[in-house]
Amino acid sequence: MTTPQAAAPAITSLAPRRQVLDLDDFTREEIDLVLGTTESMREVLGRSIKKVPSLRGKIIMTLFLEPSTRTRVSFEQAGKILSADVINLSGSGSSAEKGESLLNTGLTLQAMHADLIVMRHKDSGAPYLLARHLKHAGIVNAGDGRHAHPSQALLDLYTMRRHLGSLEGRKVVIIGDVAHSRVARSNIFGLSAAGARVVLCGPPTLLPLELLRGRDTAYPTANVSVETDLDKAIDGADVVMALRIQTERMEGGATPSMREYTRRWQVTEARMRKARPNALLMHPGPMNEGIELASSLAHGDAQRIEEQVTNGVATRMALLYLLLNGPEASA
Ligand code: CP
């Protein structure tokens, strides 16, 4: 296993950044800083008493208007380990159910002195609305529609670097429902910044069509390619990342049958043997076990799925710390 951050980071703060909305505006230095800080946070997570006073007196509010297990719980856990006060709000039971707008919900939380709002929303771009209008509370995008999921991509990058060291020139295959995946999109930006080669693989109807045509502006296109044949895509891969089929975001008719999907795009033991020896098998979760991954792999030695979850806590601790503990945060 390789330490992600051997050298001293080129920068020591994310300031003046108050928001994390996607990785498309993150520099390589900022990514290195988050990953290096994540390594320190993993050490805190490994202690018998998992508590440090770094964010004492800070108020974090989580606003999850779409379901979540990993992201919501890990942001809450991360804030509490760092001694922040964490207050959780979901759509159900909040005044959003009575029709209160997202903007007015955000302004309300800010008026209660939230230092940071961690939000998930079904609509792409929703966190940008709050980021534009809230003058005091910072915003972290915990997933917006099919657009972005930056903390997931950072924890994925951390997990890869922990095992592989530098990602420069490494081959990462992202398989499945790329078109609906905010995880894939943020990973593509993060992996591109880290110098990896990304191959997107899946049914043509679930791949970004503009990228297939070679003229997409929503994705970086250097070092990103598309291959619909999984056996070819996986050949020599350092990382194999399967994505969840997001039936809830499909208008209908976009997918092949589950039977055909499983036959052509399921990651199986035979297919994993085409990847490099010791290749990492990843999935952001939640998974449709037996569809995206063969069950034997989902719980086998190559999978890093639970490690991704653990690293998610450390990565979110790093993000909260870097956003709330810098010189701008206490000004
Ligand atoms: N990977 C991810 O975002 O999982 P949750 O939906 O459970 O948060």
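Position 1 is the first residue of the sequence, and the numbers go up from there.
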Would Arg120 and His149 count as a side-chain hydrogen bond (donor to acceptor under 3.5 Å, both in side chains) if you check the C-alpha gap in whole Å, the side-chain angles of each, and the deciding distance to 0.1 Å? CA-CA 9 Å; Arg120 172 170 288 191; His149 196 348; 3.2 Å; yes
Which pair of non-hydrogen atoms, one from Ser296 and one from Glu269, has the smallest distance, and what is that distance? OG-OE2, 2.7 Å
Does the side chain of Leu297 come within less than 4.5 Å of Leu281's, by heavy atoms? yes
Tyr128 and His147: aromatic ring centres closer than 6.0 Å? yes
Which is it for Asn311 and Arg42 under the side-chain hydrogen bond (donor to acceptor under 3.5 Å, both in side chains) test, yes or no, and what are the steps along the way? CA-CA 7 Å; Asn311 292 341; Arg42 249 189 84 101; 2.6 Å; yes
Work out which heavy atom in Ser74 is nearest to a heavy atom in Val313; give both atom names and the distance. CB-CG2, 3.8 Å
For residues Phe26 and Leu167: do they belong to one hydrophobic cluster (side chain heavy atoms under 4.5 Å, members Ile, Leu, Val, Met, Phe, Trp, Tyr)? yes
Considering all heavy atoms, the nearest Ala153-Asn187 contact: CB-N, 3.7 Å
Would you check, one step at a time, whether the test side chain to side chain contact (heavy atoms under 4.5 Å, CB included) holds for Glu307 with Met282? CA-CA 9 Å; Glu307 186 189 331; Met282 301 175 67; over 6 Å; no
Same cluster or not: are Leu107 and Met112 linked, directly or through other Ile, Leu, Val, Met, Phe, Trp or Tyr residues, by side-chain heavy atoms under 4.5 angstrom apart? yes
Quick one: pull up CG in Leu243 and CZ in Arg182 and give me the separation to the nearest 0.5 Å. 12.0 Å
Give a yes or no answer on whether the side chain of Glu289 reaches the backbone of Ala294 with a donor-acceptor pair at less than 3.5 Å. no
For Ala318 and Thr38, work out which heavy atoms get closest and say how close. CB-OG1, 3.5 Å
Leu207 CG to Cys201 SG distance, which is reported to the nearest 0.5 Å: 7.0 Å
side-chain hydrogen bond (donor to acceptor under 3.5 Å, both in side chains) between Gln308 and Thr159: does it pass, once the steps are laid out? CA-CA 6 Å; Gln308 285 173 268; Thr159 304; 5.8 Å; no
Only one of Met160, Glu30, Arg161 forms a side-chain contact (heavy atoms from CB on, under 4.5 Å) with Leu35, so which one is it? Arg161
His113 atom NE2, over 12 foreign heavy atoms within 6.0 Å: no
Compare every heavy atom of Leu21 with every heavy atom of Asn141, then report the nearest pair and how far apart it is. ND2-O, 2.9 Å
Could you state whether Ile60 and Val52 fall into the same hydrophobic cluster, counting links through intermediate Ile, Leu, Val, Met, Phe, Trp or Tyr residues with side-chain heavy atoms under 4.5 angstrom apart? yes
Is it true that Met61 and Val140 fall in one hydrophobic cluster, defined by side-chain heavy atoms closer than 4.5 Å? no
Of Ile117, Asn88, Val118, the one forming a side-chain contact (heavy atoms from CB on, under 4.5 Å) with Leu63 is Ile117
Within 45° of the ring axis of Phe75 and under 6.0 Å from its six-membered ring centre, is that where the NZ or CZ of Arg70 lies? no
For the side chain of Ser95 and the backbone of Lys98, is there at least one donor-acceptor N/O pair under 3.5 Å apart? no
Indicate yes or no: at least one non-hydrogen side-chain atom of Val34 is less than 4.5 angstrom from one of Asp32. no
Is the side chain of Thr71 donor-acceptor paired with the backbone N or O of Ser68 at a distance under 3.5 Å, no angle test? no
Is Ser83 close to Lys51 at the side-chain level, that is, under 4.5 Å between some pair of heavy atoms? yes
State, yes or no, whether a side-chain contact exists between Leu82 and Tyr321 at a heavy-atom distance under 4.5 Å. yes
Under a 3.5 Å threshold, yes or no: a donor from one side chain and an acceptor from the other, between Glu292 and Asn288? yes
Ser124-Arg146 side chain donor-acceptor pair, cut-off 3.5 Å: no
What are the two closest non-hydrogen atoms of Arg132 and Lys135, and how far apart are they? O-NZ, 3.4 Å
Considering only heavy atoms from C-beta outward, does the side chain of Met241 approach that of Val173 to under 4.5 Å? no
For Thr105 and Leu65, what are the C-alpha separation, side-chain angles and deciding distance, and is it a side chain to side chain contact (heavy atoms under 4.5 Å, CB included)? CA-CA 11 Å; Thr105 302; Leu65 301 173; 6.0 Å; no
Ser192 side chain to Asn223 side chain, donor-acceptor N/O pair below 3.5 angstrom: no
Among the clusters formed by ILVMFWY side chains lying less than 4.5 Å apart, do Leu45 and Leu322 turn up in the same one? yes
Counting distance only, does the side-chain N/O of His299 pair as donor-acceptor with the main-chain N or O of Ser295 below 3.5 Å? no
Can you tell me if His283 and Gln303 form a side-chain donor-acceptor pair at under 3.5 Å? no
Quick one: pull up CG in Leu206 and CH2 in Trp265 and give me the separation to the nearest 0.5 Å. 8.0 Å
Decide yes or no on side chain to side chain contact (heavy atoms under 4.5 Å, CB included) for Arg316 and Gln152, but give the supporting numbers first. CA-CA 9 Å; Arg316 285 158 182 143; Gln152 177 70 45; 4.2 Å; yes
Do Arg170 and Leu191 touch side chain to side chain, with heavy atoms closer than 4.5 Å? no
Short question: side chain of Arg271, backbone of Asp231 - any donor-acceptor pair under 3.5 Å? no
Check: Asp229 main-chain N/O paired with Glu227 side-chain donor or acceptor under 3.5 Å: yes
Is it the case that the side chain of Lys50 and the backbone of Arg47 share a donor-acceptor pair, with hydrogens and angles ignored and the cut-off at 3.5 Å? yes
What verdict does the salt bridge (charged side-chain N to carboxylate O under 4.0 Å, His left out) test give for Asp238 and Arg276, after you've listed the backbone C-alpha separation in whole Å, the side-chain angles of each residue and the deciding distance to 0.1 Å? CA-CA 6 Å; Asp238 296 286; Arg276 287 172 73 92; 3.1 Å; yes
Check whether any side-chain heavy atom of Val86 lies under 4.5 Å from a side-chain heavy atom of Thr62, and answer yes or no. yes
Report yes if some heavy atom in the side chain of Lys58 is under 4.5 Å from a heavy atom in the side chain of Leu116; otherwise report no. no
Go through Arg56 and Asp85 one step at a time and tell me if the salt bridge (charged side-chain N to carboxylate O under 4.0 Å, His left out) criterion holds. CA-CA 8 Å; Arg56 197 162 50 199; Asp85 291 304; over 6 Å; no
To the closest 0.5 Å, what do you measure between CZ (Arg185) and CG (Asp22)? 5.0 Å
Mark yes or no for whether Arg18, through its side chain, and His136, through its backbone, hold a donor-acceptor pair below 3.5 Å. yes
Could you state the interatomic distance from CE (Met272) to CD1 (Ile234), rounded to the nearest 0.5 Å? 6.0 Å
After noting the C-alpha distance and the side-chain angles of Ile291 and Tyr261, does the key distance pass the side chain to side chain contact (heavy atoms under 4.5 Å, CB included) rule? CA-CA 8 Å; Ile291 304 285; Tyr261 184 89; 3.9 Å; yes
Gap separating the OG atom of Ser90 from the CZ atom of Arg72, nearest 0.5 angstrom: 7.5 Å
